[in-house]
Amino acid sequence: MTVITSVASTSVDPSRRGRTSPIRQFFKDPKARVGFGIFAFFVLIALLAPVITPYNPQSTLFIPLQAPDARHWLGTTGNGQDVLAQFVYGARTSLTVGILAGLTATAIGIVMGMLPAYRGGTFDLVVSTFTNIILVVPGLPLLLVIGAYIHQTGSLVIALVIGMTGWAWQARVLRSQTLSLVSRDYVVAARLAGAPDQHIIFREILPNMLSLVVAGLMYSCLYGILAEASLEFLGLGNINATSWGTMLYWATQGAALLNGAWWWFVPPGLSIALVGMGFSLMNFAVDTLSNPRLRESS
Amino acid sequence: MSEPIEVLRAENLVVRFPVGGRGRWIVPVDNINLTIHQAESVGIVGESGSGKTTLGRTLVRILEPAKGRLHWHTHDVAHIRGRALRHYHAAVQMVFQDPFASLNPARTVFDQVALPVRCHRRMSGAAQADRVESLLDQVGLSPARDLREKYPHELSGGQRQRVAIARALAADPQIIVADEPVSMLDVSIRAGILQLLTELKEQLALSFVFITHDLASARYFSTRIGVMYAGQLVEMATAADITRRPLHPYTRLLMAASPGSGMKAPLPETTQGSPDLSAQRRGCPFAPRCPLVMDRCRQATVEFRWLADQHGVACLRSEE
Amino acid sequence: MKYVLNRVGFLLISLWAAATINFFLPRMMPGNPVDSLIARFQGRISGSALHAIELQFGITHQPLWFQYLAYLNHLLHGNFGVSLTYYPASVMTVIGNSLPWTLGLAGLSTVISVALGLALGIYSAWHRKGWLANALPTMSTFTAAIPFFWLAMIFVYLLGYLLGWFPTDHAYTSSLVPGINGPFILSVLHHGILPACTIVISSLGGWLMNMRNNMVQILGEDYILFAQAKGVPDRALMLRYAARNAILPIATSFAMSIGFVVGGTLLTEIVFSYPGVGYQLFTAIENSDYPLMQGLFLMIAVSVLLANFAVEMLYGRLDPRVRRSGV
Amino acid sequence: MQKSGVTLTISTVIASLALASLGFAPTPKGRSVLQIVPSPTSGAYTENFNPFSTSALPFTQGAIYQTLFYFNQVGPQVYPVLGTHYHWSHGNSTLTVDLRHGVKWSNGMPFTAKDVVFTFNLLKRFPALDTNSVWNHLKSVSATGTYQVVFHFLSPDVPFGWYILGQTYIVPQAVWKNFSNPKAVTNPHPVGTGAYSLARFSPQAYFFKANPRYWGGKPKIATLEFPEFNSNSSASVALASGKTGWAGLFVPDVQHIFVSKRPATNHYWYPPTNLVMLFTNLKNPLLAQLSVRRAISLAINRQELYRVGEYGYETVASPTGLVLPANRSWLDRHLPKNALHFQYNPRAAVKLLEQAGFRRKNGKFVTKTGKPLSLVMNVNAGASDWAEDASIIARNLGAIGIHVTLRPLTGSYYPDLLTGHYQMAIWWGGNPTGPSPYYLYQSMLAPKSADNFEHWHNPSTTQALQAFAATRNLSRQHAAIAQIQRIFASQLPSIPLLNGVAWYEYNSSHIVGWPTAKNPYAVPAPWSYPANEVILSHLRLK
């Protein structure tokens, strides 16, 4: 879970670089292709859930703890549910919550990082100190405590809470980048052009740190998926929803491993790790894109 | 010829920056007085580190002076903010040194030129598009249609600087501060840009502040020239006067260094790399490099004095 | 000195902030979860303990600022209230019993994980052409994304249950008497291996990738090329010139990583029934033991803040630029 | 950070792994150590051997402190423990108990009637200790001689005798008179009359050793070990690996996980001892309508609960509320057929609701005023089988058009039930269940009972309960129970789901004498107190 991007330390000067469509350049990197492939695969599974499986993920129609066979490609759970159905519908929840949490964290990170750097002065001092405090307050324990207070809750709230506890790193990275961009000539020119502050922040500065934002978004999504799975696994989320986290919760409750039902326990955990890997690989490529030295090396 | 109309006047302008904490300051603009008249071009000449860029940025109020006044017609704009500052910016624009850095790499030519049209001139839709097109035409970027959707990295250096000039013109300013507008360009392109600026000056009755390290191009472009050293204005005169009769040892040095100059001055001993800008310095800042230095120069404060015919200088030798 | 003062100041502010978050969190929550809890424990714990909990969670008519000051005052005196689950044990006692286990487990795992991660990062950046060096970063993107608890359960099942190599729960064989004696220490080590491996494997990747990126960056700097041209031996170049400078920026990201490791340790403890604060936090949550939960959270936050402070002090010693500029 | 450092670290790790796995392969436990896992606990242990505390550590009650008698609930036996005989007199308002001679406390002091009287007076002086509220029923307690105690009741109350005889743990006067606040005492050095005494405590495990002074003779099993587990899954691993000898766990697919590993020695027996109820809060205007409760009951597929939610361990409940087969003899044979077995009939449920004036709109029921027929069900997230049951019920009800919102709770689940903050929730019907169905009915239906979660107030039920309590005449008692059965089946105070079982797994590889289905001499779950005092004295080495 300790994934730290080094983009923070690399100052990027996009103006000196040829701009051959960043998206095309992104896909030139084999790592990016693999990463995107993994991600797209799971998104596709989630979208096509009803096509992939005819079964309702909740219905307990089948013989419990069946090993994978032609009828149940991933076997059945201890409660006689089809694991594949749970898995593909669970992908929907897990990806949605993860991505929503990532978006929330990124949105807060952008505001809490860029505004103070742009405004400067006492406002910057107060906000960036606050950011640094949130950064060092351990996230998961805080999440568990909040989870304990709101106990039962929907996936949406979980996503928001995860987002609201996980924005600080991005805010810090974006703040330092904004500080370096805010004195650029083109920003000064925009100010001379009479552009209002929000235009300068969101239209002039933000597009020039998109790679940072995208990298941050990917890590936030990864964090979101892991955090959601952890909460659900501990039974602090909505245990009656179908997600990879609740699958692991029920698999643990149903002693899946002791029963030898690896097909129940392994797919959700493995998929979380794979999705995370996909995000990291894509992020590698974004990193490389904005840092030519890393490009040479890979 | 009637009395020239005064547009902008700096009085005892001081700009300073803190360095390394502990209350230490540098003073890149130190007590400068300067007047700019309508449709006049003033050259500011100095080596790098002389504070000329800081002065330029202060004149357009990107920077806020620590002391002194900045009169825009009858208003003091030294410390205005918000809407008043925005209003001032509509009248005082800047062309930056580096056309690579001054254009946002993420926005199209149209976006960048349209921004001041929209914000300062409150135009939108077809009017805005027409205006942008005519601006691009005006700076010699035609046909404008081919260029408007391009990104800066798709343009040559000269084209970029023309876009930057178009952007500066877009607000309909009265003054343009051009900070070494050609120094980053290929020699072959420089003449074209200078030609463009000259044409604009004449067509639009614009005032120009032309910042350069090169006395020759200042002479070519400006009616009056100020010479800066270590944050101070050391000499100010008409372009013709300063070429004919440079008074300050530093001006002479610059003359000698500029190509095609008949002047030959002894090469100064350099005891110091770059001018000392710190607030604690004493005496004439040029003293360490001055071939004509006297003991007094290292101690006494040197005042800028007007001699005759709008010719001023800050040198103890000139008092003799 | 200015740097030290600056960091001490930040430490104090963040300690205060953590305490304040802890105070306002239950008061911000919808409904009042503590209310029904009080009802539940009426008669089961002493009146004064119950009253203390009412004070702690704001079920009183005193003004908020008064509650807040009283709360801070209690904290300063090490008074975290009484645990409901372990009544009549105080929250402080429970923390005292569990904190050493977590500090030991998380501390040791972090040291191993950092050392191993940095070393592999250096290796991967230096031997750029080797297959292993190229595979390592990709592998670590995978390991870094494995959920701690999932890996822990796989370990419990495979290495603990099926193969029987390691115990599957607790911190030591319970028939042993805790103390400084051979069998007990060996037992503690034996019980610690699987949890520690879980944490190390899951957290290694971050350090590795970070170190590798920094190394690659620094290896391209002019002074490295210059040193190389001067004939500095490769080994010295790799370690003394490049690695040394690459490590420094990593220290700044320690803040977040330590938070992650602690989070992972908590999950790992829960799976291994390892008697540390994570396990107790989970217990407290399951039992709605809010006083214990709050005390533990605060304790975890304080530990992380202190660890972070220690690293910053160390960083300040290593990098003179930081010490002087006072940033 | 150097390369050699890495190699060193790796080799150290590998070496210690190898060392550890060689030196610490699980050593076979001493033959006379019995590892017991009563049920997952709530985190690490804290020392508490106070038999009056609700958080007393398992086996404090029974193995150390004993009751006067033990009444078997899965068989007919009544075991004399510290008492030997009891009889009722004065119109069932006086209970006289003869005590066992020659019993010694574990510190060597003799056990006498004084200790019993002291214990009951302690409950009187500190009502916080009196969790069964015995002093709501007693007038006085006195000793007649060294070995006889007389209890005077406020009114005739035969069934309450069980709380006195079988649910109150006797403590030594010599020790407990010194405690000024006995509620807060953690009692780290417990002195009891039971077969075991405390050997050693740590937060991770505690040990009991055989009490050589035990009146029944020194127990055959020398040591009892209680390791701590906070989840079913970690405890199940210990059970499956053969370390645990006696457990009371809900194990998913116990046949596969446990029994199949060593079929000769690994056994389980889950006898029904209680009812699993879907409590319906009658203060809710919807649930207060009998037709709604009936429709819910008809729409629940109890077979699915039995087969899926409970892995086939808990059989479908009887509409009478009797725990079958344990209470078979109390079943009223004259009940109509539909009161003997639950039907699963969603169509009938729909019809019933429509007759009651509810309308279906797009497949969802609405009330006469157009509000949706929507209910909230609390889900005990800490009990995975009940959570599964809850989601099955929600689906069942959803299928006929009753919308159910699930509200998962952990710690506040029971408090919410107690304080009435719920609409529907699953919980046990009897708390505790006693030697006759009276206790279950009483706790569920008596107006003053704390466990009357549904708030049932019905004069004829109360009357029947009082009639039972006032008599020792078996046929009158049967008549009273029959009346309640009829009310229960027809009025549905709440909705019975399944027969709750005593979870019980054991390992007979080196210890034998366990209760079995064929020899149900005591409730076998290790969390059933004081049944353990009887079982421990039956166990012996193979």
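Proteins come first, then strands; the chains are lettered A, B, ... in the order of their sequence lines, and each starts at number 1. Both backbone and side-chain heavy atoms feed into the values below; hydrogens, waters and symmetry mates do not.
- When each of B:Pro173, B:Pro152, B:Cys119 is scored by its heavy-atom pairs under 4.5 Å with chain A, the top score falls to B:Cys119.
- B:Asn104 and A:Arg203 get closest at one heavy-atom pair: ND2-O, 4.2 Å.
- A:Arg184 and B:Asp98 are not joined by a salt bridge, as no carboxylate oxygen comes within less than 4.0 angstrom of a charged side-chain nitrogen.
- Taking every heavy atom of both residues into account, B:Ala101 and A:Asp185 meet most closely at O-CB, 3.5 Å.
- Between B:Arg107 and A:His199, the closest heavy-atom pair is NH2-CE1, 3.7 Å.
- Residue B:His87 qualifies as open at atom NE2: its count of foreign heavy atoms under 6.0 Å is 12 or below.
- Counting non-hydrogen atoms of neighbouring residues, nucleotides and ligands closer than 6.0 angstrom, the CZ atom of A:Phe36 reaches no more than 12 such neighbours.
- For B:Arg61, no part sits under 4.5 Å from any heavy atom of chain A, backbone or side chain.
- Taking 4.5 Å as the limit, every side-chain heavy atom of A:Val188 sits out of range of all side-chain heavy atoms of B:Met94.
- Shown here for B:Ser102 and A:Ala189, the closest heavy-atom pair between the two residues is O-CB, 4.1 Å.
- B:Leu103 approaches A:Tyr186 most closely through the heavy-atom pair C-CB, 3.6 Å.
- Nearest heavy atom pair, residue B:Ala106 against residue A:Pro207, reads CB-CB, 3.7 Å.
- Along residues 100-119 of chain A, no residue comes nearer than 4.5 angstrom to chain B, judged on non-hydrogen atoms.
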